[in-house]
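Chain A is the first sequence line, chain B the second, and so forth, proteins listed ahead of strands; every chain is numbered from 1. Everything numeric in this text was worked out from a predicted model, so none of it was measured.
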Protein chains: 2
Amino acid sequence: MTSQPAFRRADPDARRQSLIGACARVLAREGAAGASVRTIAVEAGVSPGLIGHYFPALDDLIAATYAHVGARVEAALEAAVAAAAPEPRARLDAFVTASFAAPIADAELLATWIAFWSLVRTLPGMAAQHDGQYFAFRERLARLLHDCGLPRPRLRHAAIAVTALVDGLWLELCLSPGCFTPDEAGAMARQFLDRLVEG
Amino acid sequence: MTSQPAFRRADPDARRQSLIGACARVLAREGAAGASVRTIAVEAGVSPGLIGHYFPALDDLIAATYAHVGARVEAALEAAVAAAAPEPRARLDAFVTASFAAPIADAELLATWIAFWSLVRTLPGMAAQHDGQYFAFRERLARLLHDCGLPRPRLRHAAIAVTALVDGLWLELCLSPGCFTPDEAGAMARQFLDRLVEG
DNA sequence: TCACTTGTTGTACGATCGTCCAACAAGCAA
DNA sequence: TTGCTTGTTGGACGATCGTACAACAAGTGA
């Protein structure tokens with residue numbers, strides 16, 4: 001009887017991604033309070049000590065996870081735009097409405113996001129990552145609004161306002177799903193866009 | 001030389017309030033991660049064991065603090081309305097704009113709020129408290145909107161949308177203050193209200 | 001002045017935390 | 001096969017966590 005290997009050596013990049021994925025799942029399931037080295041290691045099917053081998057500190061793994069999850073959200077939004085009709089307004093609607101459907105409108109994603117927010121003041125660099133994330137969202141929104149005929153001088157405030165409205169609806173939708181439906185959220189956002197684009 | 005008392009016995013209600021106040025200050029300063037029994041006890045100038053004497057568990061103190069901070073925010077909003085001109089629209093503007101000025105637009109209040117959000121899924125009853133808090137905010141908003149001539153059928157969606165816009169602006173204003181100014185936030189919110197009230 | 005009640009203290013306890021590191025073994029080169 | 005590199009393990013370490021509880025003393029009534 002030949003004993004099978006107790007573990008296998010993984011490609012460093014693949015292992016990093018595996019740890020990041022495990023961290024994201026733990027944050028989604030248990031929030032920031034449950035994201036300990038040991039919990040993440042169990043989730044990744046790995047020894048606790050291995051995390052220290054790939055990340056100087058747990059905070060660095062969490063920061064890397066922030067970037068990963070942020071990119072995933074960005075990709076989901078972009079996919080929604082790509083799947084929409086080619087008309088500028090349809091693309092704008094798709095971008096905005098995507099925040100009220102899976103995989104973005106999800107209590108677990110909110111839990112993950114809250115965990116990140118709770119670290120913005122503590123971890124250096126986390127604030128910069130947040131700023132970048134929101135800047136990218138607003139820039140994308142501004143381009144879509146511009147394609148709908150919104151003149152450049154009004155673009156900045158419009159993008160900020162739409163971002164705020166979408167974030168507020170998304171937050172409440174995840175926090176207490178019984179208050180209003182995703183369809184209602186989409187309708188409210190589109191009505192806001194109507195008024196914005198018209199005048 | 002007579003030694004002065006090592007401690008003084010306090011009125012139970014006053015002591016409870018003192019502990020709640022200390023918990024609020026710690027949450028504001030350090031977030032949920034720093035809100036330990038010992039930290040709160042030091043903040044209150046009291047022995048760690050005393051907290052267990054007034055609250056069955058730390059979670060109960062935090063829940064009580066949620067109610068306390070929530071009431072404080074509600075009072076600040078109401079004070080802003082009371083200080084405004086008597087015209088319905090001025091009162092509505094005051095209510096909405098108050099979220100973008102002290103003491104509500106404050107990074108420490110956001111940290112406190114994030115701490116509460118992070119416990120909504122864990123602590124039973126916390127979700128109900130959040131729902132109550134937001135329901136009260138929307139109801140107050142709906143009344144102010146109604147006074148501005150908004151017909152009753154449109155009231156629900158209007159209140160939800162304005163709440164979301166205000167929350168989103170407040171969140172981003174606290175999270176990255178350099179992105180836009182409180183005045184800009186107020187202007188954007190008022191413009192939204194203009195469109196809402198007009199048509 | 002002297003019990004008596006009880007608010008308050010300080011610590012013990014077990015669990016869990018992040019970090020560190022010596023020992024082990026998987027996989028590759030020779 | 002043999003030896004080497006290094007990804008991986010698993011536990012040690014000190015700190016901190018929430019809770020429980022025996023001992024103490026402040027304030028009150030007799």
Side-chain angles (χ1 to χ4, degrees), chain A residues 1-23 26-27 29-66 115 118-119 122-124 126, chain B residues 1-23 26-27 29-66 115 118-119 122-124 126:
Chain A
M1 170 180 177
T2 63
S3 65
Q4 59 183 355
F7 62 90
R8 68 178 191 86
R9 317 187 96 146
D11 172 71
D13 284 337
R15 182 66 85 185
R16 271 184 71 93
Q17 287 305 312
S18 159
L19 292 177
I20 288 172
C23 181
V26 170
L27 283 173
R29 193 201 316 134
E30 312 189 28
S36 70
V37 170
R38 289 165 181 83
T39 310
I40 297 170
V42 168
E43 178 70 30
V46 125
S47 161
L50 191 58
I51 291 177
H53 194 74
Y54 283 92
F55 298 92
L58 178 58
D59 291 343
D60 298 290
L61 169 56
I62 294 179
T65 306
Y66 189 10
S118 72
L119 298 172
T122 309
L123 268 71
M126 208 77 170
Chain B
M1 172 178 178
T2 63
S3 64
Q4 58 183 355
F7 62 88
R8 66 179 193 86
R9 317 185 97 146
D11 172 71
D13 285 336
R15 183 68 86 185
R16 271 184 71 94
Q17 288 305 312
S18 160
L19 293 176
I20 288 173
C23 181
V26 169
L27 283 173
R29 192 200 318 134
E30 312 188 30
S36 70
V37 170
R38 291 166 180 81
T39 311
I40 296 170
V42 168
E43 177 70 31
V46 126
S47 162
L50 190 58
I51 290 177
H53 194 75
Y54 283 91
F55 298 93
L58 179 58
D59 292 343
D60 297 290
L61 170 55
I62 294 178
T65 306
Y66 189 10
S118 71
L119 298 173
T122 309
L123 269 70
M126 208 77 169

Trainee: Please check the phosphate of dC17(D) (OP1 and OP2 only) for any side-chain N or O of Ser36(B) closer than 4.0 Å.
Mentor: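 Answer is yes, contact under 4.0 Å.
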Trainee: Just to confirm, is there a sub-4.0 Å distance from OP1 or OP2 of dG7(C) to any side-chain nitrogen or oxygen of His53(B)?
Mentor: yes
Trainee: Hey, is the side chain of Arg8(B) poking within less than 4.0 Å of OP1 or OP2 on dA25(D), counting only N and O atoms?
Mentor: no
Trainee: Rounded to the nearest 0.5 Å, how far does CD1 of Ile62(B) lie from CE of Met126(B)?
Mentor: 7.0 Å
Trainee: Does Tyr54(A) put a side-chain nitrogen or oxygen below 4.0 Å from OP1 or OP2 of dT8(D)?
Mentor: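 Result: yes.
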Trainee: Let me know the distance between CG of Leu50(B) and P of dT19(D), rounded to the nearest Å.
Mentor: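 Rounding to the nearest Å, CG of Leu50(B) and P of dT19(D) are 15 Å apart.
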Trainee: With rounding to the nearest 0.5 angstrom, report the NE2 to CZ distance, His53(B) to Arg15(B).
Mentor: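 Between His53(B) NE2 and Arg15(B) CZ, I get 10.0 Å after rounding to 0.5 Å.
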Trainee: Let me spell it out: for each of Ala6(B) and Ala35(B), pick the nucleotide of DNA chain D with the closest heavy atom. Which residue's pick is nearer the 5' end?
Mentor: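 The residue mapped nearer the 5' terminus is Ala35(B).
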Trainee: How close or far is atom C1' of dG10(D) from atom CD1 of Ile51(A), stated in whole angstroms?
Mentor: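 Taking atom C1' of dG10(D) as the reference, CD1 of Ile51(A) is at 14 Å.
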Trainee: Between Gly45(A) and Pro48(B), just flag the one whose closest nucleotide in DNA chain D comes earlier from the 5' side.
Mentor: Gly45(A)
Trainee: Starting at CZ of Phe55(B) and ending at C1' of dT8(C), how long is that distance when rounded to a whole Å?
Mentor: 16 Å
Trainee: Are the side chain of Thr65(A) and the backbone N or O of Leu61(A) linked by a donor-acceptor pair below 3.5 Å?
Mentor: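 Answer holds: yes.
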Trainee: Starting at OG of Ser47(A), measure out to CZ of Arg38(A) and round the result to the nearest 0.5 Å.
Mentor: 10.0 Å
Trainee: What nucleotide, of dG10(C), dT19(C), dC17(D), holds the atom closest to the side chain of Leu58(A)?
Mentor: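 So the side chain of Leu58(A) is nearest to dT19(C).
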Trainee: Could you state the CZ-P distance from Arg38(A) to dC17(D), rounded to the nearest angstrom?
Mentor: 16 Å
Trainee: Heavy atoms from C-beta onward define the side chain here; which of dC17(D), dT11(C), dT9(C) lies closest to that of Val46(B)?
Mentor: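 Of dC17(D), dT11(C), dT9(C), dT9(C) is nearest to the side chain of Val46(B).
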Trainee: Take atom CG of Asp11(B) and atom P of dT28(D), then tell me their distance rounded to the nearest Å.
Mentor: 12 Å
Trainee: Could you tell me which non-hydrogen atom of Ala35(B) sits nearest to which non-hydrogen atom of Leu58(B), and how far apart they are?
Mentor: O-CD2, 3.5 Å
Trainee: What nucleotide among dT19(D), dT19(C), dT9(C) has an atom nearest to a side-chain atom of Phe7(B)?
Mentor: dT9(C)
Trainee: Starting at the 5' end of DNA chain C and moving along, which residue's nearest nucleotide shows up first, Gly52(A) or Thr39(A)?
Mentor: Thr39(A)
Trainee: Scan Arg15(A) against the nucleic acid and name what it touches under 4.0 Å (heavy atoms): base, sugar-phosphate only, or nothing.
Mentor: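 Arg15(A): backbone/sugar contact only, no base atoms under 4.0 Å.
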Trainee: Would you kindly give the CG-to-C1' distance between Asp60(B) and dT19(D), to the nearest whole Å?
Mentor: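 One finds 13 Å between C1' of dT19(D) and CG of Asp60(B), rounded.
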Trainee: Rounded off to whole Å, could you give me the CG-to-P distance for the Asp59(B) and dG18(D) pair?
Mentor: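 My rounded result for the distance is 9 Å.
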